[in-house]
Amino acid sequence: MPGPTASGQPLLLLALACGVAVANIYFPQAISPLIASDLHVSTDSAALVATAAQLGYAGGVFLLVPLGDRLANRPLILTLLTLTGLGLLAASFAPTLAVLTVASVAVGLTTIVPQIIIPMTVGLVDPRRRGAVTGTLLGGLLGGILLARAFGGTVGEWLGWRAPYMIAAGLALLLAVLLAFVVPRTTPSSKQSYPALLGASVKLFWAERDLRRSGLYQATLFGGFSAAWTSLSLLISGPTYNLTARTVGLLALVGAASVFITPIAGRWIDRRGSDPMNLMCIVAAVAAAGILAFGVIGGVVGLVVLAFGLLLLDTAVQSGQVANQARIFALRPDARSRVNTAYMTCSFVGGTVGSWLGVHAYTALGWLGVSGLVAFAACVALGRHLLRGPVDSPTAGERPALSEAGN
């Protein structure tokens, strides 16, 4: 059903579903000080709840996303959303940090619905519109990432840290009902066993140079992105600003302006290709790190600087994601979920490591240490991009299909 899914209201609902689902691993970043106060743990320890959710997401991408090539997408998406809702309810009633951490891993594991929706939708549209459609879906994803912090911080301040989990659970279960009428019936592209599907993702990663470099670009930029946002609540609630979690949410609202950039980036990529966009995004991430460093000055000026730096970083990371996924989805049309599995595993392993390093960098070196970490990660991506050499991979139309027996 390429028509209904490629444009109009169904596409917008799918983009909304991507945003609501991914928000579940980001709103805890804004409420970690509230969790710390209520559960009587340190702020650094409470910040690990967000890291746990990202770790679960990375695990879900590797373990569950390949099923998008093996199972009908509609029941898979509905089942995952239902499990996500139940996990969020469990988190909302967590009596200790340990229980909340385990529940966060479980939520991350199942809230990988966007990584099923995006390859499914890309497979239903004209290849000439692949970048634009990917940009629209990633715009919804980015909106979820950024608005999640505003949602978590504001609702958490008003109603306590448990309320965002309860509301998110209701949204996940509501989406499961709505998507039952929107997600098209699909025919699985693979009959491989589950172990073979997992092995195919690993084999694709080693076989496809463009997949490896796309994964590195996103792992490094998203790692810096996660380091900045996970540490931001520590900066805002610390002595430099001494403000509440709601401020983190307001900064996220400023960054949400980048939602409107990703569809434009997608159309630009359709015309000119992914590599020029990647270069611009990597350079923008380096510049964003330099701007963010001035956040240590505090006051209104410091908040304005943080808002601008975060907006630039968000735009760079998400536009780079559009470029990367436009590239990788052209590699193996018969195995998009498995290709996406390898790519997104790299992305969220990078995000998890970045989140963990960001907290430790802030503890040891303060906000300047976090800014330096963002710059270093972007420079790694820049070095890889400058050394990429000529593109020698065959086009999507020339690629052999994956062997069911061999993979």
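Atoms CD and CE, on Gln115 and Met120 in that order, are 12.5 Å from each other to the nearest 0.5 Å. A distance of 9.0 Å separates CG in Leu137 from CD in Gln325, rounded to the nearest 0.5 Å. Here the CD1-OG1 distance, from Ile31 to Thr154, works out to 11.5 Å after rounding to the nearest 0.5 Å. Once rounded to the nearest 0.5 Å, the distance linking CG of Leu109 with CG of Leu80 reads 9.0 Å. A distance of 8.0 Å separates CG in Leu216 from SG in Cys346, rounded to the nearest 0.5 Å. Atom CZ of Arg74 and atom CG of Leu76 lie 13.0 Å apart (nearest 0.5 Å).
Arg388 places a side-chain N or O within 3.5 Å of a backbone atom of His385 that can act as its donor or acceptor partner. In terms of modelled atom types and a separation under 3.5 Å, the side chain of Tyr362 and the main chain of Thr230 share no donor-acceptor contact. A distance-only check finds a donor-acceptor pair linking the side chain of Thr220 to the backbone of Tyr217 [under 3.5 Å]. A donor-acceptor pair under 3.5 Å is absent between the side-chain atoms of Asn24 and the main chain of Ala168, judged by distance alone. Remark: the backbone N or O of Ala36 is not paired with any side-chain donor or acceptor of His40 at under 3.5 angstrom. Judged by distance alone, with hydrogens and angles left aside, the side-chain atoms of Trp367 form a donor-acceptor pair with the main-chain N or O of Leu292 at under 3.5 Å.
Environment of CZ in Phe205: crowded, with over 12 heavy atoms of neighbouring residues, nucleotides or ligands closer than 6.0 Å. Atom OH of Tyr241 sits in a crowded spot, with more than 12 heavy atoms from other residues, nucleotides or ligands closer than 6.0 Å.
Ring geometry for Tyr57 versus Phe348: interplanar angle of 30 to 60°, hence tilted. By the 30° and 60° cut-offs, the orientation of the rings of Phe225 relative to Phe222 is parallel.
Counting heavy atoms from C-beta on, the side chains of Leu100 and Thr96 never come closer than 4.5 Å. Proximity of Trp206 to Arg212: side-chain heavy atoms (C-beta onward) are separated by under 4.5 Å at one or more points. Between Val305 and Ile291 the shortest side-chain heavy-atom distance falls below 4.5 Å. Side-chain contact between Ser233 and Pro33 is present, with heavy atoms from C-beta onward closer than 4.5 Å. No side-chain heavy atom of Val296 sits less than 4.5 Å from a side-chain heavy atom of Thr240. Using a 4.5 Å heavy-atom cutoff, the side chains of Trp229 and Leu310 are in contact. In this structure, Leu81 and Leu179 have side chains that are in contact, with non-hydrogen atoms separated by less than 4.5 Å. Looking only at side-chain heavy atoms (C-beta outward), Asp38 and Arg162 come within less than 4.5 Å of each other.
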* From CA spacing to verdict: side chain to side chain contact (heavy atoms under 4.5 Å, CB included), Phe376, Leu357 -> CA-CA 12 Å; Phe376 174 77; Leu357 288 176; over 6 Å; no
* Given the rule in the side chain to side chain contact (heavy atoms under 4.5 Å, CB included) test, do Leu303 and Leu243 qualify, once you have shown the distances and angles that lead to the verdict? -> CA-CA 11 Å; Leu303 287 174; Leu243 296 172; 4.0 Å; yes
* With side chain to side chain contact (heavy atoms under 4.5 Å, CB included) as the test, would you mind laying out the steps for Leu147 and Tyr26 before giving the verdict? => CA-CA 9 Å; Leu147 295 177; Tyr26 289 100; over 6 Å; no
* Worked check of side chain to side chain donor-acceptor pair (under 3.5 Å) between Ser42 and Ser45 -> CA-CA 5 Å; Ser42 69; Ser45 297; 2.8 Å; yes
* Take Leu365 and Leu373 through the test side chain to side chain contact (heavy atoms under 4.5 Å, CB included) and record every step on the way to the result. => CA-CA 11 Å; Leu365 302 171; Leu373 179 61; over 6 Å; no
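In this structure, a donor-acceptor pair under 3.5 Å is present between the side chains of Gln321 and Tyr343. Using modelled atom types and a 3.5 Å distance limit, the side chains of Ser226 and Ser355 yield no donor-acceptor pair. Side chains of Asn324 and Arg213: no donor on one and acceptor on the other come within 3.5 Å. Side-chain contact of Thr82 with Thr79: a donor-acceptor pair under 3.5 Å is absent, judged by distance alone. Residues Arg327 and Ser214 bring a donor and an acceptor atom of their side chains to less than 3.5 Å of each other.
For Phe93 and Tyr165, the gap between ring centers reaches or exceeds 6.0 Å.
Across Thr110 and Thr84, no two heavy atoms sit closer than the pair OG1-OG1, 3.0 Å. Summarising the geometry of Leu221 relative to Ala378, their closest heavy-atom pair is CD1-CA, 4.2 Å, with the distance given to 0.1 Å. In terms of heavy atoms, Leu368 sits closest to Ala293 at CD2-O, 3.5 Å.
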